[in-house]
Amino acid sequence: MISIIVPTYQEVENLKPLSEMIQSALQGREYEIIIMDDNSQDGSVELCQELAKTYPIRIVTRTEDRGLSPAVIDGFDHAQGDYIVVMDADLSHPACAIPNMVDQLQSGESDFVLGSRYVAGGSIDDSWTLWRYINSAVATLPALPLTRVKDPMSGFFAVRKADIPQRKDLSPIGYKIALEVMVKGDFKKVSEVPIHFVDRVHGESKLTLSEQLKYLRHLRRLYQHKFKTKAEFFQFALVGSSGFIVDLVVYLLLQMMGLSHTVARAISFWPAASWNWMLNRVMTFNHREKSRKSTQWGAFVTSSLLGFSVNYGTYYTLTTYVPFFQEHMIFALVIGVLMGMGFNFTISNLFIFKKLRDEISDESAKR
Ligand code: GDD
Ligand code: MN
């Protein structure tokens, strides 16, 4: 049996055409349509009761934790079928692709099948403006390292029920539920089937700017999940580079205010190190324990001072004892910076931003 999960919010006009489209696409197959509705109060419930006389459809009304992704995740629990399909209600996703998607799961040809606009044979609605196209392309780009699919933004997918990650491993932030399941499920065989994406005719899009901003947080979490320490190191380095700019600006400003360069140099370290600490707390290590600010700041600044000694010590040693670096001092500088940053990162990662218990138990479970 195929369970088709459809998240909805105020889609009453689309429910009948949706049921018809699915019915004609899935003739001869056993299926159920589960409407996961966020208490739309637009007559969807009454209409579904009516439609249920003709189609295998039911509606689940949700009153808490509104949102597309949480609705879909709840839908997984309601599904009775071995095969799960998730699609939009607004007729954007062609139901005629479902048989092919499910067949690929059944034959073992694929473990996760995505309806894709950007593979050969797929297309988008003619009405798409260049602006909308650029928007979609820009949003797609940062998701590419996470999967190998061409259309990671798609919300149309099929997967075996048994392969869905556990609820506790899914973080339903934002609306990219396909991306979430794809990355967390770590599927061996992922495939894409071409779809023609049709723009909605009835109702309007529910995707607000705030939903789109959640996408950035979602991406960060997925990078964290997939690349672990590498993702943390990358962010740490990014923060460090921004801190270098703070250092430089303060150093120059203080001199403009009449301070000597040595005093300016000694002072500018502090705002820069504090800046780094703050950003690492709210970004790089925001999934770690929220220790007391003053203690953590102190530890971070101390580590930064030690890191600078490592940086300088490396530079000094290389340029004093290694002839190569005496001629190419810039390389010694770069190696020093990297060593210093490596030192800082290690200390921060191991001691300053403490892991929460569930992160530790996750790691030992994987080992
Ligand atoms: N339960 C519930 N709660 N459903 C919601 C909510 C919500 O808060 N917000 C949106 N939905 C439902 C809509 O009713 C619709 O069935 C589906 O989710 C998609 O919402 P749209 O408002 O039509 O979004 P879209 O067309 O901009 O986005 C679609 O296309 C994107 C690719 O361009 C979705 O399929 C996205 O998942 C997809 O990434
Ligand atoms: Mn839509």
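When a ligand or atom number is given, it counts from 1 through the structure's own listing order. Only heavy atoms go into these numbers, but all of them, side chains included; no hydrogens, no water, no symmetry mates.
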(request) Please say whether A71 places an N or O atom under 3.5 Å from an N or O atom belonging to ligand 1. (result) no
(message) Applying a heavy-atom cut-off of 4.0 Å, say which part of Q10 lies close to ligand 1: side chain, backbone, both or neither.
(response) neither
(request) Please verify whether a non-hydrogen atom of M87 lies at under 4.0 Å from ligand 1. (result) no
(message) If only side-chain N and O atoms count, and only distance matters, is there a donor-acceptor pair under 3.5 Å linking Q10 with S40?
(response) no
(request) Test T61 against D37 for side-chain hydrogen bond (donor to acceptor under 3.5 Å, both in side chains), laying out the working first. (result) CA-CA 5 Å; T61 300; D37 185 69; 5.0 Å; no
(request) Write out the residue and atom name of the closest protein heavy atom to atom 13 (C) of ligand 1, then the distance separating them to 0.1 Å. (result) E11 OE2, 3.1 Å
(message) Quick one: does any side-chain atom of Q104 pair with a main-chain N or O of V113 as donor and acceptor, under 3.5 Å?
(response) no
(message) Among all protein heavy atoms in this structure, tell me which lies nearest to atom 26 (O) of ligand 1, with the distance rounded to 0.1 Å.
(response) D90 OD2, 3.9 Å
(request) Report, in ascending order of atom number, the atoms of ligand 1 lying under 4.0 Å from any heavy atom of H93. (result) 35 (O)
(request) Could you tell me whether some N/O pair between Y9 and ligand 1 is separated by less than 3.5 angstrom? (result) yes
(message) At under 4.0 Å between heavy atoms, is it the side chain or the backbone of Q212 that contacts ligand 1, or both, or neither?
(response) neither
(message) With the threshold set at under 4.0 angstrom, would you say K176 reaches ligand 1 through any of its heavy atoms?
(response) yes
(message) With no hydrogens and no angle check, just 3.5 Å: does a side-chain donor-acceptor pair link H287 and E232?
(response) yes
(request) Before signing off on this row, confirm whether M153 and ligand 1 have an N or O atom pair separated by under 3.5 Å. (result) yes
(request) Would you kindly say whether N344 and S303 are connected by a side-chain donor-acceptor distance under 3.5 Å? (result) yes
(message) Test your reading of the model: is there a side-chain donor-acceptor pair from K189 to the backbone of G108, 3.5 Å cut-off?
(response) yes
(request) Measure the spacing between CD1 of I164 and CD1 of I84 and express it to the nearest 0.5 Å. (result) 4.5 Å
(request) Starting from atom 9 (N) of ligand 1, find the nearest protein heavy-atom neighbour and note its residue, name and distance. (result) K206 CB, 3.6 Å
(request) Considering heavy atoms of the protein only, find what lies nearest to atom 21 (P) of ligand 1 and give residue, atom and distance to 0.1 Å. (result) R200 NH2, 3.4 Å
(message) Applying the side-chain hydrogen bond (donor to acceptor under 3.5 Å, both in side chains) criterion to R200, which one of D90, D88, D125 satisfies it?
(response) D90
(request) For ligand 1, find out whether one of its N or O atoms is nearer than 3.5 Å to an N or O atom of V6. (result) no
(request) Would you check if the distance from the ring center of F331 to the ring center of F325 is below 6.0 Å? (result) no
(request) Assess the side chains of N349 and R288: does a donor N or O sit below 3.5 Å from an acceptor N or O? (result) yes
(request) Could you tell me whether R117 and ligand 1 have an N or O pair separated by under 3.5 Å? (result) yes
(request) Identify, for atom 35 (O) of ligand 1, the protein heavy atom at the shortest distance, and state residue, atom and that distance. (result) D88 OD2, 2.4 Å
(request) Quick one: look up the protein heavy atom nearest atom 28 (O) of ligand 1 and list residue, atom name and how far away it is. (result) L207 CD1, 3.3 Å
(message) Only N/O/S atoms count here: what is the atom of D90 closest to the Mn ion (ligand 2) called?
(response) OD2
(request) Answer yes or no for G67: is there a heavy-atom contact with ligand 1 below 4.0 Å? (result) yes
(request) Before accepting this row, confirm whether a basic side-chain N of the pair D74/R167 lies closer than 4.0 Å to the acidic partner's carboxylate O. (result) yes
(message) Is there a polar contact, in the sense of an N or O pair closer than 3.5 Å, between W128 and ligand 1?
(response) no
